[in-house]
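Beneath this line is the structure, given in structure tokens, with notes to follow.
Quick caveat, the model's predicted, so the values are computed rather than measured.
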Number of protein chains: 2
Amino acid sequence: MDRARRVTLATVASALGVSRATVSNAYNHPERLSPRMRNRVLHTARELGYAGPHPLAATLSRGRVNALGLVHGAPMSFGFSDPAAVLFLQGVSEVCEREDLALVLIAGGPDSAVARVALVDAVVCYCDVPAEGGLATIVERGLPFVVVDGPRLPGAGHVGIDDRRGAEVAARHLLDLGHTRFGVVAMPLLEDGREGTADLERQARTRYRASRERLAGYREAIEAAGHDWAAVTVEERSPYGRDAGGRAAAALLARDPHPTALLAMSDELALGAMAAAADAGLAVPGDVSVVGFDDVPAAADAHPPLTTVRQPHREKGRLAASLLLRPGGVHDDEHHLPVELVVRGSTAPPPAR
Amino acid sequence: MDRARRVTLATVASALGVSRATVSNAYNHPERLSPRMRNRVLHTARELGYAGPHPLAATLSRGRVNALGLVHGAPMSFGFSDPAAVLFLQGVSEVCEREDLALVLIAGGPDSAVARVALVDAVVCYCDVPAEGGLATIVERGLPFVVVDGPRLPGAGHVGIDDRRGAEVAARHLLDLGHTRFGVVAMPLLEDGREGTADLERQARTRYRASRERLAGYREAIEAAGHDWAAVTVEERSPYGRDAGGRAAAALLARDPHPTALLAMSDELALGAMAAAADAGLAVPGDVSVVGFDDVPAAADAHPPLTTVRQPHREKGRLAASLLLRPGGVHDDEHHLPVELVVRGSTAPPPAR
DNA sequence: GCGTGCTATTGAACCGGTTCACCGCAGCGG
DNA sequence: CCGCTGCGGTGAACCGGTTCAATAGCACGC
């Protein structure tokens with residue numbers, strides 16, 4: 001079976017009595033060979049069952065593997081369950097497709113064994129890691145990379161949105177509608193996986209950039225309107241799914257009086273929150289308004305359609321990938337994409353007293 | 001800048017005056033070295049800014065890259081827009097994650113330039129290609145592979161479902177409810193991208209296995225109930241999205257009398273069809289019943305929730321990946337996963353005359 | 001008949017490691 | 001003091017190509 005010596009470029013060369021360089025040229029630089037020779041080579045190769053230069057070996061000399069890596073903060077399989085991540089992936093893959101690049105999904109996070117050895121030319125880090133020490137593996141490998149939605153790192157590109165402003169706009173929308181009692185359906189603030197109400201002290205220690213910024217945005221808007229932030233309950237749940245949103249909202253709505261407006265840090269959380277409201281016998285937006293963040297496709301399809309902050313997920317993916325392909329290498333500059341409030345049916349003035 | 005000779009394993013070796021083998025061992029076989037030597041090596045490496053053995057080179061000697069490839073029939077970016085494909089990907093990625101493998105998304109289909117050179121140990125083909133000549137590139141490269149939802153190929157594994165039975169069950173459900181006038185919302189039958197009503201002749205030439213089998217299933221059930229298949233309109237649309245389903249359904253529902261039951265070949269098509277029905281002023285399921293295929297998450301969330309044929313997408317992904325990792329290599333055997341009718345709210349008896 | 005200019009082909013170095021048979025040497029039992 | 005064992009370390013072959021300076025062969029102009 002495998003005893004049979006693998007047929008390599010050298011096999012073909014010696015079968016024809018030509019040099020290896022010639023065989024190599026037949027594949028990579030046809031114009032340097034006489035058509036006759038080229039045909040002989042290709043023909044013999046076919047006869048011998050030689051499938052062409054081994055990509056790995058070729059790559060070793062050339063120094064390029066023609067692949068973009070993508071590392072996820074959360075487990076990779078989660079990546080596919082989060083619709084926002086899927087849109088992002090779609091953006092990245094569009095660029096890869098156009099540029100004839102493979103897209104390598106790197107499991108286990110930025111410091112996994114896979115990240116250490118994955119065969120890629122550059123990597124997109126779609127994760128919100130702590131600024132210090134995060135991505136150490138990637139940095140050490142010396143690969144060009146861009147961080148999306150995460151911290152700014154020296155030498156790396158950065159793509160993100162203005163989370164704070166997005167959150168602020170969402171909160172202001174509810175304030176404008178006349179709401180005064182708010183609850184926040186929060187993504188994790190720290191890595192400890194704790195669930196529950198996050199007090200001011202915990203809020204101050206928030207490690208994830210997105211969570212921190214969105215929280216800050218809510219707060220700014222609410223305080224600017226003259227309300228007391230300390231009166232706003234922040235319910236933190238983990239991980240990111242609808243379930244989490246449902247549990248957080250259930251806790252918020254069980255309070256008396258319950259908030260009339262829920263600020264959800266993502267659409268998935270918001271969608272879960274809407275379901276929880278229904279379970280609690282509350283109408284959205286009649287009894288309680290909900291605003292999300294992300295504008296994933298399911299937001300528009302929800303009942304009622306979800307008011308949310310749109311961010312250009314696909315565009316973020318495209319941009320991140322493009323930055324890595326720029327001729328001059330990665331400049332460590334920052335790209336902020338626009339956010340926009342999309343008002344739909346899940347928000348309304350608070351119920352009359 | 002790059003003038004500075006890259007620091008390689010040899011650099012470290014000569015800096016220490018030891019052999020390259022020793023440095024290599026420090027990383028790969030610590031137990032073969034005295035702790036003292038190992039520390040010296042690691043320390044010097046760090047000092048020199050050596051990030052460890054170049055994965056590419058390591059891989060060349062070892063012969064394994066620790067990566068699984070995934071090739072898509074449709075453009076890769078489509079892959080992410082189809083929720084069924086996303087679930088499948090999730091399944092594959094779970095296995096990759098568990099096994100510390102990278103997951104390489106190969107753009108441009110099974111015969112693209114990327115497929116020719118992608119650095120992978122084995123590949124999952126998630127595509128319905130013609131049995132003859134499809135996947136030629138993969139076959140030539142001699143990579144182990146498994147085909148999902150496509151044709152059986154010698155030497156390759158196969159994972160699929162019983163599409164025919166699934167379709168049959170769906171149709172029988174509608175028949176049991178008393179329906180007699182059917183319309184089929186079809187995925188593409190041929191590669192020509194044609195849209196419109198597919199007559200019997202075109203149906204007979206169907207190239208895609210899934211389309212062919214599902215059509216056959218519908219037909220068997222309907223004929224078994226004593227109805228005339230020729231009276232069933234098959235509306236083919238391309239590509240696979242909701243829009244396509246909407247357009248097909250609009251055409252079907254514009255007929256007079258319109259069908260009271262729509263058999264959609266996928267949930268995305270079905271969801272589009274439901275929207276089209278609403279646009280046409282028809283109630284689902286009051287005026288028209290709709291049944292899908294796939295049971296994607298959005299099916300249960302739809303209004304009304306969609307009756308559909310469930311297939312285990314995630315499980316398919318897991319199985320396909322697992323087959324490639326089996327110690328003995330890929331056995332060319334066939335794995336059929338179960339399908340199951342899920343009755344929800346989109347089907348009901350036809351309206352009274 | 002000879003220098004010139006091409007083109008087709010080649011040899012050797014190189015990409016950056018891994019592996020394995022082998023060897024020197026320290027410690028140990030006798 | 002000797003031979004044996006086993007550990008720590010080494011040299012050389014190998015993985016499968018690419019690249020580039022050099023060369024051989026040939027037509028051409030003069």
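Residue contacts for B:Ala21: at a heavy-atom cut-off of 4.0 Å it reaches a base atom on one of the strands shown. Among the atoms of the strands shown, only primed sugar atoms or phosphate atoms (P, OP1, OP2) are found under 4.0 Å from some heavy atom of A:Val18.
For the contact set between residues 110-117 of chain A and DNA chain C, defined by any heavy atom under 4.0 Å, there are no members. A heavy atom lying under 4.0 Å from DNA chain D marks the following residues of residues 25-34 of chain A, by number: A:Asn28, A:His29.
Distance, B:Arg64 CZ to C:dT19 P: 13 Å, rounded to whole Å. One interatomic measurement links the two molecules: CG of B:Leu56 to C1' of D:dG16, which rounds to 11 Å at whole-angstrom precision. The interatomic distance linking B:Leu60 (CG) with C:dT18 (C1') rounds to 10 Å, in whole Å. Taking atom CG of residue A:Leu9 and atom P of nucleotide D:dT19, one finds them 12 Å apart after rounding to whole Å. The CG-P distance, from B:Leu119 to D:dC15, rounds to 18 Å in whole Å.
Taking the six-membered ring where the residue is Trp, B:Phe80 and A:Phe80 present parallel rings, their angle staying beneath 30° rather than reaching 60°. A:Tyr126 and A:His72 have perpendicular rings, their planes meeting at more than 60° on a 0 to 90° scale where under 30° would count as parallel.
Residue B:Thr22 has no polar side-chain atom (N or O) positioned under 4.0 Å from OP1 or OP2 of D:dG9. When the side-chain nitrogen and oxygen atoms of A:Arg20 are compared with OP1 and OP2 of C:dG11, none of them lie within a distance under 4.0 Å. Under 4.0 angstrom from either OP1 or OP2 of C:dT19 there lies at least one side-chain N or O belonging to B:Arg62. Close to C:dT19, at under 4.0 Å from its OP1 or OP2, lies no side-chain N or O of B:Ser61. Side-chain N/O atoms of B:Thr8 include none lying less than 4.0 angstrom from OP1 or OP2 on C:dG16.
Using modelled atom types, one side-chain atom of A:Asp121 and one backbone atom of A:Ala67 make a donor-acceptor pair closer than 3.5 Å. Using modelled atom types, no side-chain atom of A:Thr59 and backbone atom of A:Leu56 make a donor-acceptor pair closer than 3.5 Å. No donor-acceptor pair under 3.5 Å is formed between the side chain of B:Arg209 and the backbone N or O of B:Arg152. The backbone N or O of A:Pro188 sits less than 3.5 Å from a side-chain atom of A:Ser211, completing a donor-acceptor pair.
Atom CG in A:Asp111 sits 3.5 Å away from atom OG1 in A:Thr137 (nearest 0.5 Å).
Side-chain contact check for A:Thr22 versus A:Leu33: some heavy-atom pair is nearer than 4.5 Å. A 4.5 Å side-chain heavy-atom check between B:Leu89 and B:Leu103 finds at least one atom pair inside the cut-off.
Taking only side-chain atoms of A:Ala57, from C-beta outward, the nucleotide of C:dT9, D:dG16, C:dG16 with the closest atom is D:dG16.
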